[in-house]
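What follows is a single structure, written as structure tokens, with notes after it.
As a basis for the values below, the full set of heavy atoms in this structure was taken, side chains included, without hydrogen atoms, waters or symmetry mates. Labels below follow one simple rule: chain letters A, B, ... track the order of the sequence lines, proteins then strands, and each chain is numbered from 1.
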Amino acid sequence: MLDLKRLRSEPEVVRAALERRGGAASLNRVIELDQQRRALLPELEALRAEQNAANEAISAAKASGESADGQIAAMSEVAARAKALEAELHGAEAELDEALALLPNLPEDDAPAEDTVLRECGEPADFAFDPRDHLDLSGERIDIERGARLSGARFAYLRGELVMLELALVRWTLELLGGHGFEPVIPPVLVREEALRGTGFLPDTEQQIYRLADDDLYLVGTSEVALASLHADEILEAEKLPLRYAGFSPCFRREAGSAGRDTRGIFRVHQFDKVEMFSFVAPEAATEEHLRLLAIEEQILTALGLPYRVVDIGLDDLGASAARKFDCEAWLPSQQRYRELTSTSNTSDFQARRLAIRMRREGGKPELLATLNGTAVAVGRTIIALLENGQQADGSVVIPQCLVDCGAAAVLPPAEA
RNA sequence: GGAGGGGUGGCAGAGUGGUCGAAUGCACCGGUCUUGAAAACCGGAGUCCGGUAACCCCGGACCGCGGGUUCGAAUCCCGCCCCCUCCGCCA
């Protein structure tokens, strides 16, 4: 959510920023409704003041045993007017909230118009054979057929050595993040609507979100939702910032609208596990923190031996809450191209404002802080990349030492034919 | 699932229609006293919106959330959320 005050004080700056990303649609309506509200409010407050004064007089009269009937009758009229005004005000406020919620975050000045590759790191392996894709390499250890029989398309069983690989990957990642000051968290994955509104997924990505009709709960598409809400309605002491969390949870996505895309394997599935980084920082520290999250993502990919490139995401693909976003794409030999593995966003104060997450500096007033998120490890896609990049001629897969140290098999034997 | 109890300021805890934004205690900040500290005493201190450029000042709102009754609601009524206790069930 954007700052109404700023929108009021420099509407053209805001408009220009929004228009860069094509998100100014409801701006005029917001401004109009804000003016309406600001016209009604003082009127209502004047009536309230009148009521308050009269209440004192009536109390005093009653206390001294005098009749207050005249005043009461007069105030009855005032009360009726106040009630009508209040209804009008509430109507305007509800509309305002709705229109304001449709405005996306203001992009950073440096955010590019188009996706821009910043760098490529690591050398794609030059296989002396035709590289297999992750499904050929995994065999039934990624059991698509039975997953589909159980739950439909885009669901899979993960089996055998790959389960141990996932656990090693998660363990290793959480240890590494612990070293960077992230507290591990396993959050609820069923959340209320407010959490999705607060993080900017609603209204925006409703068609991606699973909803439980009987319980007014939603399945999160990322633990970002739960982690952001961890400090909702709190005022944090500035000295305690930054606060960093590493959420580990399953993620659920309907993938409506992506029919036919990435249908093979587990690149795009309805359920996957993910370790997500989330930071609460002072506003002036946000940009630096964003680069920090990106650096950690790169550290992880490098340690896993995965060739990757970093993309500065263009304005069109930012998503409602992000002011800036970087993706890391890993090289997939079977596709001969880079595919998205991780993503990190600076959401500035957009989520903090909606969730009422503030900080207080020594002796100061509460002020909004900044929130940032970044994928540490999207397990499914990382397994794909590990399989494909670590494969050998015989179909076995060499696993990076860091994961072996955390319990993964050093070499995954070839899939049974 | 059944039966009860409860949500008030940082915490504890009064308040059941009328100067209540809210007693009191603890914690906190400032001051007096003291060689210093403690104790004691005095004072201060919440959040949000608007008037404003303004951390002074003025008005308004906030006693879980949202409605209702009333001239007036922390107090009465309705709905929702949350917490606790007991029973049952259960990973």
Side-chain angles (χ1 to χ4, degrees), chain A residues 1-11 13 30-100 186-198 211-219 226 229-240 249-250 283 349 352-369:
Chain A
M1 188 152 70
L2 298 182
D3 182 7
L4 256 185
K5 281 185 187 151
R6 174 138 187 240
L7 216 147
R8 211 177 282 149
S9 62
E10 36 185 26
V13 175
V30 167
I31 292 173
E32 192 182 308
L33 287 163
D34 179 50
Q35 281 167 352
Q36 236 182 69
R37 189 183 77 87
R38 284 161 56 81
L40 291 171
L41 192 59
E43 233 184 296
L44 177 61
E45 289 187 347
L47 289 182
R48 285 268 157 74
E50 195 181 330
Q51 286 181 301
N52 288 340
N55 289 342
E56 279 184 35
I58 291 170
S59 301
K62 291 221 167 178
S64 62
E66 297 165 30
S67 164
D69 292 354
Q71 291 182 80
I72 288 176
M75 289 322 290
S76 168
E77 219 174 291
V78 174
R81 265 195 292 152
K83 199 170 175 180
L85 253 184
E86 195 181 359
E88 200 180 340
L89 180 67
H90 281 172
E93 279 178 341
E95 269 190 79
L96 175 62
D97 288 346
E98 214 174 298
L100 191 57
I186 295 180
V189 292
L190 282 170
V191 303
R192 294 225 180 87
E193 185 177 326
E194 297 96 275
L196 289 163
R197 290 194 171 279
R211 176 175 174 195
L212 305 198
D214 288 342
D215 294 281
D216 284 324
L217 289 171
Y218 297 79
L219 279 163
S229 298
L230 189 56
H231 291 299
D233 294 315
E234 292 182 26
I235 300 174
L236 306 170
E237 288 171 44
E239 309 88 78
K240 299 213 170 134
S249 81
D349 61 10
R353 183 170 293 106
R354 291 190 180 196
L355 291 168
I357 312 171
R358 292 170 295 171
M359 54 172 260
R360 190 200 303 275
R361 299 179 210 268
E362 182 77 36
K365 304 277 284 179
E367 54 189 304
L368 291 171
L369 46 68

Can you tell me the distance, in whole Å, between the CD atom of A:Q51 and the C1' atom of B:U19?
-> 16 Å
Taking CD from A:E86 and C1' from B:G67, how many angstroms apart are they, rounded to a whole number?
-> 10 Å
Please list, pair by pair, any protein nitrogen or oxygen found under 3.5 Å from a nitrogen or oxygen in nucleotides 15-18 of chain B.
{"unit_1": "B:G18", "atom_1": "O2'", "unit_2": "A:S59", "atom_2": "OG", "d": "2.8"}
{"unit_1": "B:G18", "atom_1": "O6", "unit_2": "A:K62", "atom_2": "NZ", "d": "2.9"}

Is there a side-chain polar atom (N or O) of A:H90 under 4.0 Å from OP1 or OP2 of B:G66?
-> no
Any side-chain heavy atom of A:E194 within less than 4.5 Å of one from A:S229?
-> no
Using the P atom as the reference point in each nucleotide, state the distance between B:C42 and B:C33 in Å, no decimals.
-> 15 Å
Earlier contact from the 5' end, RNA chain B, for A:P366 and A:S76 | A:P366
What is the distance from CZ of A:R360 to P of B:A45, rounded to the nearest Å?
-> 15 Å
Ignoring hydrogens and angles, tell me if any N or O in the side chain of A:N55 forms a donor-acceptor pair with the backbone of A:Q51 under 3.5 Å.
-> yes
Assign A:Q71 to base, sugar-phosphate, or nothing according to its heavy-atom contacts below 4.0 angstrom with the strands shown.
-> nothing
Flag, side chain of A:S76 to backbone of A:I72, donor-acceptor distance under 3.5 Å | no
How about A:L190: does its CG atom have over 12 heavy atoms from other parts shown lying under 6.0 Å from it?
-> yes
CG/A:L4 to CZ/A:R37 distance, rounded to the nearest 0.5 angstrom?
-> 7.0 Å
Bracket notation of RNA chain B in which parentheses pair within the strand, [ ] cross earlier pairs, and | pairs with another strand (Watson-Crick or G-U, under 3.5 Å) | ((((((((.[[[..)..(.....]]].(((((.......))))).((((((.....)))))).[[[[[..)....]]]]])))))))....
B:G44 versus B:A27 - spacing of their C1' atoms, nearest Å | 15 Å
Expressed in angstrom and rounded to an integer, what is the separation of A:E93 atom CD from B:C48 atom P?
-> 17 Å
Here the distance between atom P of B:A61 and atom CG of A:L47, to the nearest Å, is 11 Å
Applying side chain to side chain contact (heavy atoms under 4.5 Å, CB included) between A:D349 and each of A:L368, A:L369, A:I357, A:L2, report the one that passes.
-> A:L368
How far, in whole Å, is B:C81 from B:C28 if one measures between their P atoms?
-> 39 Å
Heavy-atom nearest pair, A:E367 first then A:R361, reads OE2-NE, 2.6 Å
Using the P atom as the reference point in each nucleotide, state the distance between B:G4 and B:C65 in Å, no decimals.
-> 26 Å
Distance (rounded to the nearest 0.5 Å) between A:I235 CD1 and A:R358 CZ = 4.0 Å
For A:A226, what residues pass the side chain to side chain contact (heavy atoms under 4.5 Å, CB included) criterion, not counting sequence neighbours?
-> A:P187
Roughly how far, to the nearest 0.5 Å, is NZ of A:K365 from CZ of A:R360?
-> 8.5 Å
Which residues within residues 190-197 of chain A lie with some heavy atom under 4.0 Å of an atom in RNA chain B?
-> A:R192
Would you mind telling me which of A:R6, A:K5, A:E10 makes a side chain to side chain contact (heavy atoms under 4.5 Å, CB included) with A:R8?
-> A:K5
Mind calculating the distance between CG (A:L236) and C1' (B:G10) to the nearest angstrom?
-> 14 Å
Do the side chains of A:L219 and A:R211 get nearer than 4.5 Å, heavy atoms only?
-> no
Integer angstrom distance from the P of B:C84 to that of B:G79 | 23 Å
Note: A:E193 and A:Y218 closest approach over all heavy atoms is OE1-OH, 3.5 Å
The residue, A:E367 or A:M75, whose nearest nucleotide of RNA chain B is more 5′ is A:E367
Would you mind reading off the distance between A:I235 atom CD1 and B:C48 atom P, rounded to a whole angstrom?
-> 6 Å
Can you tell me, in whole Å, how much space there is between the C1' of B:C26 and that of B:A39?
-> 16 Å
Kindly point out which of B:U47, B:U69, B:G72 is positioned nearest to the side chain of A:A79?
-> B:G72
Atom of A:P250, atom of A:V189 and distance for their closest heavy-atom approach = O-CG1, 3.6 Å
Could you give the CG-to-P distance, from A:N52 to B:C62, as a whole number of Å?
-> 10 Å
Distance between the P atoms of B:A74 and B:A22, in whole angstroms?
-> 12 Å
In whole Å, what separates the C1' atom of B:C71 from that of B:U19?
-> 15 Å
Distances for protein N or O near nucleotides 50-55 of chain B N or O, under 3.5 Å:
{"unit_1": "B:G50", "atom_1": "OP1", "unit_2": "A:R8", "atom_2": "NH1", "d": "3.1"}
{"unit_1": "B:G50", "atom_1": "OP1", "unit_2": "A:R8", "atom_2": "NH2", "d": "3.4"}
{"unit_1": "B:G51", "atom_1": "OP1", "unit_2": "A:R38", "atom_2": "NH2", "d": "3.1"}

Show me the donor-acceptor pairs, under 3.5 Å and distance only, between side chains in residues 77-99 of chain A and residues at least two apart or in other chains.
{"unit_1": "A:E86", "atom_1": "OE1", "unit_2": "A:R48", "atom_2": "NH2", "d": "3.3"}
{"unit_1": "A:E95", "atom_1": "OE1", "unit_2": "A:R29", "atom_2": "NH2", "d": "2.3"}

